[in-house]
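Beneath this line is the structure, given in structure tokens, with notes to follow.
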Amino acid sequence: MSPRRNRPRGGEKPTDRAGEAADRYGGAQRTESWHDEEWSVRHVAGASAAGKRYRCPGCNQEIPSGTPHVVAWPEHGGVDDRRHWHKACWNAKDRRTSRVQRSRNAPRY
């Protein structure tokens, strides 16, 4: 029995994968509807903003420098309206409850 081949045997062009990466990390911008408003959404690789850190409005945690994430802003908003989200937080934005700030020892009811 011969060893398994881990390389593709052809049929896939290297340019196909390059276009997919561009769509995933900064190449494509799309519009999504959320809270009765149109939002522009772009996936970014995070590598271009070396040393910058952003705070995700979904989980209120920091997005470290160099981490792929999502940038979203209202369709009719300006540069100051852009928000950087973790991809999972952006995808779960409709399932989140209201943002109630509690202390660490506060009851959850």
Side-chain angles (χ1 to χ4, degrees):
M1 185 159 149
S2 62
R4 186 176 132 212
R5 291 182 64 133
N6 290 330
R7 293 186 300 265
R9 292 188 179 190
E12 184 179 342
K13 298 176 184 166
T15 56
D16 291 344
R17 275 193 244 147
E20 179 183 313
D23 290 344
R24 186 181 305 156
Y25 299 114
Q29 179 176 320
R30 66 181 186 276
T31 304
E32 293 184 20
S33 181
W34 182 48
H35 284 281
D36 298 329
E37 192 172 1
E38 296 297 315
W39 288 71
S40 296
V41 180
R42 181 179 296 160
H43 292 267
V44 293
S48 62
K52 285 191 111 177
R53 293 176 182 228
Y54 303 103
R55 184 146 315 260
C56 174
C59 64
N60 205 26
Q61 298 294 315
E62 216 172 67
I63 301 173
S65 177
T67 303
H69 59 280
V70 174
V71 179
W73 64 96
E75 187 72 28
H76 299 290
V79 174
D80 293 335
D81 296 325
R82 291 185 299 189
R83 296 293 175 258
H84 297 253
W85 296 68
H86 293 107
K87 185 177 178 185
C89 293
W90 177 257
N91 292 338
K93 66 191 175 299
D94 294 325
R95 296 188 303 264
R96 293 189 182 275
T97 59
S98 62
R99 306 247 192 303
V100 177
Q101 297 290 330
R102 297 181 181 95
S103 68
R104 187 172 284 215
N105 296 328
R108 297 257 176 207
Y109 53 89

With sequence neighbours excluded, what pairs up with His86 under the ring-ring contact (aromatic ring centres under 6.0 Å, His included) test?
none
Name all residues meeting the side chain to side chain donor-acceptor pair (under 3.5 Å) criterion together with Asp36; count only those two or more places apart in sequence or in a different chain, and write none if there are none.
none
Test of understanding: with salt bridge (charged side-chain N to carboxylate O under 4.0 Å, His left out), list the residues that count as partners of Glu32, not counting sequence neighbours.
Arg30, Lys93
Could you grab the distance from atom NE2 of His84 to atom CZ of Arg55, nearest 0.5 Å is fine?
13.5 Å
Would you name the heavy atoms of Cys89 and Gly58 that are closest together and state the gap between them?
CB-CA, 4.3 Å
Could you pull out all residues at least two apart from Glu62 that satisfy side chain to side chain donor-acceptor pair (under 3.5 Å)?
Arg53
Salt bridge (charged side-chain N to carboxylate O under 4.0 Å, His left out) with Glu75: which residues, sequence neighbours excluded?
none
Please enumerate all residues that pass side-chain contact (heavy atoms from CB on, under 4.5 Å) together with Pro64, with sequence neighbours excluded.
Thr67
Only counting residues at least two apart or in another chain, list the ones meeting ring-ring contact (aromatic ring centres under 6.0 Å, His included) with Trp90.
Trp34, Trp85
Give, for atom CD of Glu37 and atom NE2 of His76, the distance between the pair rounded to the nearest 0.5 Å.
8.0 Å
